[in-house]
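Each chain gets a letter, A, B and so on, in the order the sequences are listed, and its residues count up from 1. Keep in mind that what you see is a predicted model, and the values were worked out from it rather than measured.
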There are 2 protein chains.
Amino acid sequence: MALPETRSEQLARALEDDICAGRALPGMRLDEQVLAQRFGTSRTPVREALKMLAAQGFVEIRPRQGAVVVGLDVRQVLELFEIMAVLEGLCARLAARRMTPAERADLMAVHAECQRLAAAGDPDVYYAMNTRFHEVIYAGSHNRQLEEETRRVRNRLSPYRRNQLHQLGRVAKSVQEHDDVVRALLEGDPDRAESLMRRHIGIQGDGLSDFVSNMSTPQAVSNPPPALAGTLGRPTIVQ
Amino acid sequence: MALPETRSEQLARALEDDICAGRALPGMRLDEQVLAQRFGTSRTPVREALKMLAAQGFVEIRPRQGAVVVGLDVRQVLELFEIMAVLEGLCARLAARRMTPAERADLMAVHAECQRLAAAGDPDVYYAMNTRFHEVIYAGSHNRQLEEETRRVRNRLSPYRRNQLHQLGRVAKSVQEHDDVVRALLEGDPDRAESLMRRHIGIQGDGLSDFVSNMSTPQAVSNPPPALAGTLGRPTIVQ
DNA sequence: ATTGTGCGTCTTGCATGCATGAAGAGGACT
DNA sequence: AGTCCTCTTCATGCATGCAAGACGCACAAT
């Protein structure tokens, strides 16, 4: 069954992964030849992969000037968070109505695991389980398009979220908010589930200023509006 | 200033336009060579354009089997409408808080024009102005990412919306709903604006059954899950 | 010292060539 | 007759080649 995957798709996934995982930092130049050599192919599939990533907003291709990992400034990140909040909110709303008993059990299990890891204290380990928690809810929406869309926005934001949980008390707060969401979901209350999830994702009140001040951690070369992107945070040549 | 546009970008825009405008119907085969000839280029930029469109969900590329315009089945269309509703809802919410006086004036002008055209009676003419109405609200959100995202989903749905307004009384209803939204926007009531917009976009109650029964108008070759897509609505070879 | 000009180098954008794998036609066999 | 198999044909996936545009540097002029 395993449908054959073309090189360009493999490359696109690999590069997207590099970006999401923070191995390719915003502003980093993606040289076609270098990538081609790195992956042992010609430039053609590399170019196709870059085009795909560009179409999804992960990289920016300036004609005749090559591709760089998109660097979002504070404003753009906040914009994406606004989107993320409603998408995840919709996931929760739909999940409240549509999750099967098996999915509900799954949710509870993952949530319990989250609680356990939160108590354990390592934010990075918690982060992984936190991701799974949200994934369960995406799936629970029974809306594939929404699932993909939400995941895509999440991935675009991921370089900027890594450190979010390292703030003091953030993990505990996160898991508490999860708890509220889970309750609403299991009670089948779509309105409350949506509203709670939106609050959970949205950066509000203190969270906002905390986030903004901690942001620009991944050397965010602001690039699109000002035609600089190479003046201050000089596009590091990728290995 | 006019930044140079590469062939592949031109092609991508042209093809997306063909799809949105219904000139390229769902299920239609997009032959690389034919397109290359049609646009007077080699296959390379055509391939890159197709990859971009694939990354955005407009076409589907099955390895070694070429690209086809994505055909959405009823379920997928409804899924996208669910997304669309919250995205447009968010636009309205943000617009209610953020629109400048000039933008508000713009909104009123376009709305008035909508009312005029609705009374005039031609659904297709109204459709164009209706699009502008929504665009004004996208812009009013002052959230570029949201604007693009919403427009993208809208475009994906456009082949399936064309006939929606041809239903008896739909135009009148649409313009009435606009009126409610406008009122909430101008009063600066984000909650109401969002909620009204969600209802406006969402297909609910009668709207749903009406829509579903009228759907599958563009010969929607359901393709992704079942590996057929070529059995019933045989991929028409594009000119 | 700073700014403007010209050249050289390099990367990108696109064209072309070739091999692999898929769809279809035709025939043999059940 | 229907089914399976083989062979042919052809489109796709990828590699390579080539020209144009961008960047950097040196040098000259102010």
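Across the protein-nucleic acid pair, A:Glu32 atom CD and D:dT16 atom P stand 15 Å apart, rounded to whole Å. When rounded to the nearest whole Å, the span between CD of B:Gln37 and P of C:dA15 equals 13 Å. Atoms CG (A:Asp31) and P (C:dC10) sit 12 Å apart, rounded to a whole Å. The CG atom of A:Leu30 sits 14 Å away from the C1' atom of C:dT12 (whole-angstrom rounding). Nucleotide D:dC14 holds its C1' atom 16 Å from the CZ atom of A:Phe39, rounded to whole Å. Atom CD in B:Gln33 sits roughly 7 Å away from atom P in D:dT12 (whole-Å rounding). Here the P atom of nucleotide D:dC14 and the NZ atom of B:Lys51 are 7 Å apart, to the nearest Å. Nucleotide D:dG13 holds its C1' atom 12 Å from the CE atom of A:Met52, rounded to whole Å.
When the shell of 6.0 Å around CZ of A:Arg104 is examined, it contains more than 12 heavy atoms from other residues, nucleotides or ligands. Atom CZ of A:Arg152 is surrounded by more than 12 heavy atoms from other residues, nucleotides or ligands within 6.0 Å.
With sequence neighbours left out, A:Glu88 forms a salt bridge (charged side-chain N to carboxylate O under 4.0 Å, His left out) with A:Arg154. The side chain to side chain contact (heavy atoms under 4.5 Å, CB included) check on A:Asp106 picks up A:Val136, with sequence neighbours excluded. Among residues two or more places apart in sequence or in another chain, the ring pair (Phe, Tyr, Trp, His ring centres under 6.0 Å) test is passed with B:His200 by B:His134, B:His178. Annotation: side chain to side chain contact (heavy atoms under 4.5 Å, CB included) contacts of A:Gln37 (sequence neighbours excluded): none. Every residue meeting the side chain to side chain contact (heavy atoms under 4.5 Å, CB included) condition with B:Ala139, not counting sequence neighbours, appears here in chain and number order: B:Glu147. Residues meeting the side chain to side chain contact (heavy atoms under 4.5 Å, CB included) test with B:Glu103, sequence neighbours left out: B:Met99, B:Thr100, B:His142.
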Pairs under 3.5 Å (N/O, protein and nucleotides 5-9 of chain D):
none

Please produce a list of atom pairs where a protein N or O lies less than 3.5 Å from an N or O of nucleotides 17-20 of chain D.
{"from": "D:dA20", "atom 1": "N3", "to": "A:Arg64", "atom 2": "NH1", "distance (Å)": "3.1"}

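For the segment residues 6-19 of chain A, the set of residues with a heavy atom within less than 4.0 Å of an atom of DNA chain C is empty.
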Practice item. Just do the salt bridge (Lys or Arg N to Asp or Glu O under 4.0 Å) check on A:Glu60 and A:Arg62 with the steps written out, would you? Key: CA-CA 6 Å; A:Glu60 190 191 350; A:Arg62 288 208 279 303; 3.4 Å; yes
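Between B:Ser42 and C:dA15, a side-chain N or O to OP1/OP2 separation shorter than 4.0 Å is present. Taking 4.0 angstrom as the limit, A:Gln65 places none of its side-chain polar atoms (N or O) nearer than this to OP1 or OP2 of C:dT12. Contact between the side-chain N/O atoms of B:Arg29 and the OP1/OP2 oxygens of D:dC10 is not found at any separation under 4.0 Å.
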Show every donor-acceptor pair shorter than 3.5 Å between a side-chain atom in residues 39-46 of chain B and any protein atom, with sequence neighbours excluded, or say none if there are none.
{"from": "B:Ser42", "atom 1": "OG", "to": "B:Thr44", "atom 2": "N", "distance (Å)": "3.3"}
{"from": "B:Arg43", "atom 1": "NE", "to": "B:Glu32", "atom 2": "OE1", "distance (Å)": "3.0"}
{"from": "B:Arg43", "atom 1": "NH2", "to": "B:Glu32", "atom 2": "OE1", "distance (Å)": "3.1"}

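The salt bridge (Lys or Arg N to Asp or Glu O under 4.0 Å) contacts involving residues 11-21 of chain B comprise B:Glu5-B:Arg13, B:Asp17-B:Arg23, B:Asp18-B:Arg23, B:Asp18-B:Arg38, where partners must be two or more places apart or lie in separate chains. Residue pairs meeting the ring pair (Phe, Tyr, Trp, His ring centres under 6.0 Å) criterion with at least one member in residues 66-85 of chain A, sequence neighbours excluded: A:Phe81-A:Phe211.
Where A:Thr44 and B:Gly66 meet DNA chain D, the nucleotide closest to each residue was compared, and B:Gly66 sits on the side nearer the 5' end.
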